[in-house]
Amino acid sequence: MASHRKPKHHPLLSGTARTAAGLALAGAATATVPAGTGHAAPQRTPDEVKAQVARYYRQAEVATERYNGAKERTDRAQAVLDGLQDEAARRTERLNAARDALGSYATAQYRAGGIPSSVRLLLSSSPRHFLDRASMAERTGAREATEVARVREELRQVRQVRTTAEGKLRELEAERNTLARHRRTIEAKLAAARDLLRTLPPAARPADDGQDVTGAGHAAGRSAPTEAAPQPTAAAHVPATGRAAQAVAFAYGALGKPYVWGATGPSGYDCSGLTQAAWRAAGVSLPRTTYTQINSGHRVTRSRLAPGDLVFFYSGVSHVGLYIGDGKMIHAPHPGAPVSIAPVDSMPFAGAVRPA
């Protein structure tokens, strides 16, 4: 049968075929060599790695401030929604009470109805008593009309509150989505920084690189690396007065506490969380983010800085510290680095505000 036939042998072609097959295999083997093996990417120097890590930290900080703003809006929306739901419940109770009252009038009217008033007058043994009852019925009818109007108004208000609550719920869901998006960005940037730091030999890593760059370990209760809180010197601690002195004292007390993104204390802080907490201790309420804190007081020039002033950095105003005098500030730098003292000149200066 045809299916059992052997293929014809072509001796003149067999050598050529073997040669071609060999060349093909050789080409395939060559193709399996990873592209760029002969031109490997240059190894990053420790300084280049640290510079890239710093950029990741900066990007994470920008996302953190956006997260803080979204968290603040989410909390406000939740509080408003809770209030609306309570109001809707109260108004629903009043609506049900008005409906019950109206139902009582309707029942009484039904029981007394069905006989024309002229007939009831003829049948009445005492026309005077009938007229008295008729007058009472008219007053009852007026009260019934009032109850109808009341039910309508209560129903309108309940519907209005529920509509407002539905809108606030949609707003809340949108803010929660924004919150989650910023959280993912923060975690991705910090993970990238952590992975990049691991490419450095331990001796070349920054002293404050930290092993838990997200701050989750601190939140879980693990001990964090801390620095001894330096005592302020006469030069470093220019005398502050009033509320500014209280804010500065609080910041000194926070030295060594870990950076935890999204945190406002007392166990950890991000940059704007620290300044907010410091001025809260002085009795002044600051908004949550760097973008709003920069508009929370009187602008001051760099040459007129005084202890307690808020100092902001970078073109996007994404970092803030508390000025303590002598060209220095206390700030929460970035994950892995605890609250510390740093020169104001260590970052691009963007502006300053005096809250009190």
Side-chain angles (χ1 to χ4, degrees), residues 63-117 120 129-186 219 261-266 270 272-273 276-277 279-280 283-289 291-293 295-296:
T64 296
E65 290 305 309
R66 291 174 178 167
Y67 171 92
N68 292 338
K71 181 67 166 59
E72 191 175 42
R73 294 191 300 271
T74 298
D75 292 344
R76 284 199 302 265
Q78 183 66 66
V80 172
L81 179 60
D82 291 344
L84 288 170
Q85 289 173 336
D86 290 343
E87 183 181 356
R90 290 192 301 270
R91 290 190 178 279
T92 299
E93 288 180 1
R94 290 200 294 267
L95 172 62
N96 291 336
R99 282 173 168 168
D100 289 344
L102 183 59
S104 298
Y105 287 127
T107 300
Q109 183 180 15
Y110 172 78
R111 289 173 177 172
I115 302 177
S117 59
R120 291 201 300 273
H129 290 165
F130 171 78
L131 293 174
D132 290 341
R133 289 195 297 271
S135 176
M136 184 180 298
E138 288 177 0
R139 291 196 297 273
T140 301
R143 287 198 298 272
E144 182 179 352
T146 300
E147 289 300 324
V148 169
R150 179 186 166 198
V151 167
R152 286 175 177 170
E153 177 60 18
E154 292 291 349
L155 182 59
R156 183 192 68 79
Q157 291 182 2
V158 167
R159 287 173 175 169
Q160 180 178 344
V161 171
R162 287 178 177 171
T163 299
T164 305
E166 289 171 359
K168 188 57 65 174
L169 179 60
R170 288 192 295 270
E171 178 185 329
L172 179 60
E173 291 172 348
E175 291 296 349
R176 283 175 174 166
N177 291 336
T178 300
L179 204 63
R181 185 172 67 253
H182 292 320
R183 179 188 290 273
R184 288 192 297 269
T185 300
I186 294 165
W261 65 266
T264 59
D270 62 19
S272 57
Q276 185 189 50
W279 273 100
R280 185 192 302 120
V284 176
S285 178
L286 292 181
R288 179 63 182 91
T289 69
Y291 313 121
T292 48
Q293 286 184 9
N295 296 316
S296 63

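If you read the sequence from its start, that first residue is 1, and numbering goes on from there. Because the structure is predicted, anything quoted here is derived from the model rather than measured.
Here the straight-line distance linking atom CG of L286 with atom OG1 of T264 works out to 12.5 Å at 0.5 Å rounding. If you take CG on L81 and CD on E166, they are separated by 10.5 Å, rounding to the nearest 0.5 Å. Annotation: the span from W279 atom CH2 to S296 atom OG amounts to 9.5 Å, rounded to 0.5 Å. Here OG1 of T289 is found 14.0 Å from OH of Y67. Values are rounded to the nearest 0.5 Å. Note that the CG atom of L179 and the CD atom of E173 stand 13.5 Å from one another [nearest 0.5 Å].
Between A63 and I186, the shortest heavy-atom distance links the atoms CB-CG1, 3.5 Å. Of all the heavy atoms in A88 and R162, the pair that sits closest is CB-CG, 4.4 Å. Residues T64 and G262 share a closest heavy-atom pair of CG2-N, 3.9 Å. T178 approaches A70 most closely through the heavy-atom pair CG2-CB, 4.0 Å.
Using a 4.5 Å cut-off on side-chain heavy atoms (C-beta onward), V284 and Q276 make no contact. Two residues are said to be in side-chain contact when any heavy atoms from C-beta on lie closer than 4.5 Å; K71 and D75 meet this criterion. Side-chain atoms of S285 and R280, non-hydrogen and from C-beta on, never get closer than 4.5 Å to each other.
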Q: Begin from the C-alpha positions of R90 and E87 and carry the test salt bridge (Lys or Arg N to Asp or Glu O under 4.0 Å) through to its verdict.
A: CA-CA 5 Å; R90 290 192 301 270; E87 183 181 356; 5.2 Å; no
Q: Report the C-alpha distance between R183 and W261 in whole Å, list the side-chain angles of each, state the deciding distance to 0.1 Å, and finish with yes or no for side chain to side chain contact (heavy atoms under 4.5 Å, CB included).
A: CA-CA 10 Å; R183 179 188 290 273; W261 65 266; 3.7 Å; yes
Q: With side chain to side chain contact (heavy atoms under 4.5 Å, CB included) as the test, would you mind laying out the steps for R181 and R184 before giving the verdict?
A: CA-CA 5 Å; R181 185 172 67 253; R184 288 192 297 269; 3.8 Å; yes
Q.
Set out, in order, the CA-CA distance, both residues' side-chain angles and the distance that settles side-chain hydrogen bond (donor to acceptor under 3.5 Å, both in side chains) for R176 and T74, then state yes or no.
A. CA-CA 7 Å; R176 283 175 174 166; T74 298; over 6 Å; no
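Between the side chains of R159 and T164, not a single donor N or O lies within less than 3.5 Å of an accepting N or O.
The backbone N or O of L172 sits nowhere less than 3.5 Å from a side-chain atom of Q78 that would complete a donor-acceptor pair.
Just one of R73, R170, R76 meets the salt bridge (charged side-chain N to carboxylate O under 4.0 Å, His left out) condition when paired with E175; it is R73.
With salt bridges taken as basic N to acidic carboxylate O contacts below 4.0 Å, none links E72 and R288.
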